[in-house]
Amino acid sequence: MEHAAEPDEILRKFLAKAEKAAKKAASDPIEATAESAAIVTDDASAGALERTRIEKLEKIAALGFDPWGEKFDDRTPIEAVRGMTLVDGEAHGPRVRVAGRIMLRRGQGKVVFLELRDWSERIQIFIGKNQVGETGWALCGELDLGDLLGVDGTLGRTKTGELTIFAERLTFLGKSLLPPPEKWHGLTDVERRYRQRYVDLFTNPESLATFLARSRMIAAMRSTLAERGFIEVETPTMQAIAGGAAARPFVTHHNTLDLNLYLRIAPELYLKRLLVGGMERVFEIARVFRNEGISPRHNPEFTMLEAYQAYGDYHAMMELAEALITNAIEAIGGGMTRSFQGTEIDFTPPWPRRTYADLLAEHAGVDPADPESIVAAAERSGIETKGKDIHVITNELFEEFVEDKLSGPVFVIDYPAAICPLTKRKKSNPEVAERFELFVCGMELANAYTELNDPMLQEKLFRAQLAGQKEEDSMAKMDDDFVRALKHAMPPAGGIGIGIDRLAMLLLNRASIRDVVLFPLMRPES
RNA sequence: GCCCUCCUAGCUCAAUUGGCAGAGCAGCUGACUCUUAAUCAGCGGGUUAUAGGUUCGAGUCCUAUGGGGGGCACCA
């Protein structure tokens with residue numbers, strides 16, 4: 001019968017085992033990586049270029065570097081490095097640590113120049129064989145375009161005067177197994193730019209700049225609203241009744257409740273419920289979904305800013321729109337005069353206010369209060385009038401003759417009440433609604449009302465809208481709860497919706513909404 | 001849904017009236033201690049989106065399919 005080992009002995013054995021394991025790990029720190037590399041190497045789908053990069057990954061690992069890197073603190077953004085001052089004639093500037101992606105590589109015997117880029121800027125790295133040590137130089141030989149690298153070194157200038165980090169230590173931070181696009185032209189294939197935005201972002205600096213600017217733009221709008229006492233809220237994206245706009249919704253389904261739901265087409269009706277609840281100034285940056293056609297100005301999901309202000313009206317919303325947009329422009333820089341696809345636009349406020357009726361008279365030569373002249377003008381320009389409501393015809397005339405002319409920015413105010421089911425009517429003329437749309441370059445950028453808060457009129461308008469709906473596309477339903485909310489008294493209010501994507505297009509001069517949406521909707525790859 | 005148009009090497013692009021699929025970059029091998037899209041020498045790299053058809057012969061012409069772009073329709 002064997003005696004149980006002494007406790008000391010157990011401990012000793014345990015420690016010996018642990019030490020052995022640690023030794024093994026140290027001598028072969030990338031066992032798991034090598035294993036996964038083998039899998040990819042054997043994969044017939046991996047191309048020749050990918051295979052040579054996997055071989056380099058193994059060499060890099062053999063040198064003792066983790067091919068997938070690890071935490072790398074205390075970096076300085078390259079933009080900040082570029083801002084550091086160098087004393088003239090001094091050989092060594094400050095010591096710096098940067099990290100980024102290798103964009104360019106120029107070998108020169110025992111010296112290699114790299115171009116490293118992080119999300120702020122690019123900078124040249126000088127790697128000399130005698131300055132980075134044996135392993136560092138060996139690593140340098142295995143570096144590919146696209147790899148992620150950390151560099152410690154001193155800032156200085158080369159003979160030609162280029163600001164350069166003279167590397168003293170290299171830290172490998174990530175192996176790129178796929179070759180990046182061509183270094184000069186970048187990625188131009190639009191399909192791949194949308195599908196593989198990650199590649200677009202790291203190869204095309206203007207694409208990255210666009211999305212960074214979009215983010216600053218939105219941040220500025222958030223702080224503008226916060227300064228004015230608005231609070232940010234989140235309301236349902238899945239709704240049993242998709243209201244607040246006239247658009248086809250997407251349908252989804254909740255399994256446990258066995259309930260069909262719609263993705264929201266607007267947050268409007270929920271935000272107004274909050275006004276009833278006493279939240280006096282609310283806004284939401286809402287992703288909304290509309291099951292409609294796709295075009296350079298339409299993505300099925302897009303971002304909308306909606307804001308509601310109790311005890312305000314649409315005039316307050318005009319002033320708010322000016323503040324939001326001019327602050328957004330300030331945040332991205334470049335001044336109030338912008339160029340959009342060759343058209344100069346001056347955003348200096350205040351922006352002109354023009355009534356719908358005046359513009360219609362000016363550009364289409366008709367008076368919206370005179371049905372006969374409307375029908376005559378429509379027929380003259382080939383717009384179908386049979387069986388159509390006079391207000392629909394009027395609006396088609398407006399779209400045909402006026403919208404393109406509105407290079408803007410211009411507030412089109414006082415719409416025909418018949419096409420505004422959520423808007424308060426003018427006291428002086430119930431045929432006209434207190435609504436404006438902001439137009440820039442023929443594009444509708446914002447839409448705002450003095451909100452209708454009369455529950456009885458609201459219910460009547462909803463019913464009229466439902467009655468006018470065609471059978472086949474009648475997905476709109478009566479929102480009884482919204483009417484009930486209004487019956488508890490919603491304060492008189494101004495409300496506004498701003499299309500964030502279109503604003504980004506205009507301010508950043510991008511022709512397609514897909515250039516300001518990170519991942520636009522695409523058909524699946526075959 | 002309809003119309004027009006595009007798809008060639010990893011990337012950017014050529015290829016005459018239908019006549020041997022090419023270049024630059026990237027890659028590989030080598031040279032080079034201050035380059036700038038580094039340079040120089042050599043080498044490899046393709047089911048021309050897919051499937052049919054016409055033809056002695058198709059990247060090129062025809063049809064269909066897939067994907068992209070633009071326009072129309074839809075979208076207050």
Side-chain angles (χ1 to χ4, degrees), chain A residues 46-53 55-56 103-115 122-132 137 144-146 156-164 166 176-196 199 203-204 244-249 265-266 288 290-300 302 356 389 391-392 394-396 398-399 403 412 415-423 433 435 437 444 447 449 461 465 468-470 472-473 476 497 499 511-512 514-515 520-526:
Chain A
L49 296 173
E50 190 172 350
R51 277 197 299 274
T52 59
R53 280 170 178 251
E55 284 162 20
K56 288 186 185 178
M103 303 309 293
L104 242 44
R105 179 196 159 93
R106 297 182 282 273
Q108 175 83 32
K110 297 184 181 63
V111 164
V112 168
F113 293 91
L114 297 181
E115 201 154 303
R122 55 155 291 274
I123 195 160
Q124 178 169 268
I125 309 294
F126 178 101
I127 303 174
K129 187 182 179 185
N130 299 330
Q131 284 81 56
V132 290
W137 184 248
D144 279 314
L145 300 187
R157 287 192 189 278
T158 56
K159 278 182 188 169
T160 52
E162 169 138 5
L163 193 68
T164 300
F166 291 84
S176 168
L177 296 180
L178 296 174
E182 209 231 21
K183 62 188 180 187
W184 187 243
H185 298 92
L187 182 64
T188 61
D189 176 32
V190 289
E191 177 173 356
R192 202 172 148 205
R193 286 186 48 225
Y194 300 151
R195 285 193 195 278
Q196 301 179 26
V199 179
T203 52
N204 297 325
R248 286 168 170 266
I265 55 176
V288 299
R290 298 188 180 180
N291 205 342
E292 288 155 5
I294 296 175
S295 85
R297 282 164 302 282
H298 301 264
N299 194 58
F302 61 101
Y356 186 93
D389 188 275
H391 304 290
V392 173
T394 308
N395 209 42
E396 283 178 20
F398 188 86
E399 283 167 10
E403 287 191 359
V412 178
Y415 277 66
I419 55 171
C420 308
L422 296 161
T423 315
R435 168 186 183 179
E437 288 192 5
E444 179 194 332
N447 186 10
Y449 318 133
L461 294 176
Q465 207 180 5
Q469 219 171 201
K470 283 183 203 144
E472 62 271 24
D473 51 29
S512 171
R514 297 181 202 103
D515 292 322
L521 185 72
M522 303 287 273
R523 287 185 158 92
E525 284 180 89
S526 49

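Because the structure is predicted, anything quoted here is derived from the model rather than measured. Here is how names work: the chains are called A, B, and so on, in the same order as the sequence lines, proteins then strands, and each is numbered from 1.
For A:Arg106, no side-chain nitrogen or oxygen approaches OP1 or OP2 of B:U35 to under 4.0 Å.
A:Gly128 comes within 4.0 angstrom of no nucleic acid atom, judged by non-hydrogen atoms across all strands. A:Tyr194 comes within 4.0 angstrom of the backbone, heavy atoms only, and of no base. A:Arg523 comes within contact range of the sugar-phosphate backbone alone, with a heavy-atom separation under 4.0 Å but no base atom that close. Contacts of A:Leu178 with the nucleic acid, taken as non-hydrogen atoms under 4.0 Å apart, are absent. Within 4.0 Å of A:Arg514, counting heavy atoms only, lie sugar-phosphate atoms of the nucleic acid but no base atom. If you check every strand for non-hydrogen atoms under 4.0 Å, A:Gln124 touches a base. When heavy atoms are screened at a 4.0 angstrom cut-off, A:Arg195 is found touching the sugar-phosphate backbone but no base atom.
Between B:G45 and B:G22, the distance separating the two C1' atoms is 13 Å to the nearest Å. A distance of about 14 Å separates the P atoms of B:C62 and B:C7, rounded to the whole Å. The separation of B:G44 from B:C28, taken at their P atoms, amounts to 16 Å, rounded to a whole angstrom. Taking the C1' atom of each, B:U8 and B:A15 are spaced 9 Å apart, rounded to whole Å. Spacing of C1' atoms, B:G27 relative to B:C72, comes out at 46 Å, to the nearest Å. B:U54 sits 11 Å from B:G18 when the C1' atoms are compared, rounded to a whole Å. Between B:A73 and B:C13, the distance separating the two P atoms is 32 Å to the nearest Å. Comparing the C1' positions of B:U55 and B:C43 gives a spacing of 38 Å, expressed to the nearest Å.
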- request: Could you walk me through whether A:Glu444 and A:Glu403 pass the side-chain contact (heavy atoms from CB on, under 4.5 Å) test, one step at a time?
  value: CA-CA 9 Å; A:Glu444 179 194 332; A:Glu403 287 191 359; 5.8 Å; no

message: Quick one, A:Leu104 with A:Phe113, criterion side-chain contact (heavy atoms from CB on, under 4.5 Å). Give me CA distance, side-chain angles, the key distance, then yes/no.
response: CA-CA 8 Å; A:Leu104 242 44; A:Phe113 293 91; over 6 Å; no

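The distance between atom NZ of A:Lys129 and atom P of B:C34, rounded to the nearest whole Å, is 15 Å. The NZ atom of A:Lys110 sits 16 Å away from the P atom of B:U35 (whole-angstrom rounding). A straight line from CG of A:Leu114 to C1' of B:A37 spans 15 Å, rounded to a whole angstrom. Taking atom CD of residue A:Glu162 and atom C1' of nucleotide B:U35, one finds them 9 Å apart after rounding to whole Å. Note: CE (A:Met103) to P (B:A38) measures 12 Å, nearest angstrom. In this entry the distance linking CZ of A:Phe126 with P of B:U33 reads 11 Å, nearest Å. Following rounding to the nearest Å, A:Arg53 (CZ) and B:G45 (P) show an atom-to-atom distance of 20 Å. Protein atom CZ of A:Arg51 is 13 Å distant from nucleotide atom P of B:G45, rounded to whole Å.
Salt bridge annotation for A:Arg193-A:Asp515: present, with a cationic side-chain nitrogen under 4.0 angstrom from a carboxylate oxygen.
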- line: Expected string for nucleotides 7-15 of chain B under the B/S/- scheme (protein heavy atoms, under 4.0 Å, primed atoms plus P, OP1, OP2 as sugar-phosphate) is ---BBSS--

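Ring geometry for A:Phe398 versus A:Tyr356: interplanar angle under 30°, hence parallel rather than tilted (30 to 60°).
Of the N and O atoms on the side chains of A:Asn299 and A:Arg514, not one donor lies less than 3.5 Å from an acceptor on the other residue.
Under a 3.5 Å cut-off, the side chain of A:Arg290 and the backbone N or O of A:Phe302 do not form any donor-acceptor pair. Under the 3.5 Å distance criterion, the side-chain polar atoms of A:Glu182 are matched with a main-chain donor or acceptor of A:His185. Judged by distance alone, with hydrogens and angles left aside, the side-chain atoms of A:Ser295 form a donor-acceptor pair with the main-chain N or O of A:Arg297 at under 3.5 Å. With A:Arg248 contributing its side chain and A:Glu292 its backbone, the two residues share no donor-acceptor pair below 3.5 Å.
Between the base of B:U39 and the side chain of A:Gln108 there is no donor-acceptor pair shorter than 3.5 Å.
The 5' end of RNA chain B is approached more closely, in terms of each residue's nearest nucleotide, by A:Asn130 than by the other of A:Asn130 and A:Tyr449. Nearer to the 5' terminus of RNA chain B, by closest-nucleotide assignment, is the contact made by A:Leu145 (compared with the other of A:Leu145 and A:Arg122).
When base pairs are accepted only as Watson-Crick or G-U wobble with both N-N or N-O distances under 3.5 Å, RNA chain B takes part in stems of 3 or more pairs at B:1-7 with B:66-72, B:10-13 with B:22-25, B:27-31 with B:39-43, B:49-53 with B:61-65.
Proximity note for A:Glu191 (side chain, C-beta onward) versus B:G68, B:C34, B:A37: the nearest is B:G68. Out of B:C28, B:C34, B:A26, the shortest distance to the side chain of A:Lys159 is found at B:C34. If you check B:C74, B:G70, B:A37 against the side chain of A:Glu292, the one that comes closest is B:C74. When each of B:G70, B:G27, B:U35 is scored by its nearest atom to the side-chain atoms of A:Lys56, the top-ranked nucleotide is B:G27.
Closest of all the heavy-atom pairs between A:Leu178 and A:Arg53 is O-NH1, 3.6 Å. Among all heavy-atom pairs drawn from A:Leu114 and A:Arg105, the shortest one is CD2-CG, 3.7 Å. Across all non-hydrogen atoms, the minimal contact from A:Arg122 to A:Glu162 is NH2-OE2, 2.9 Å.
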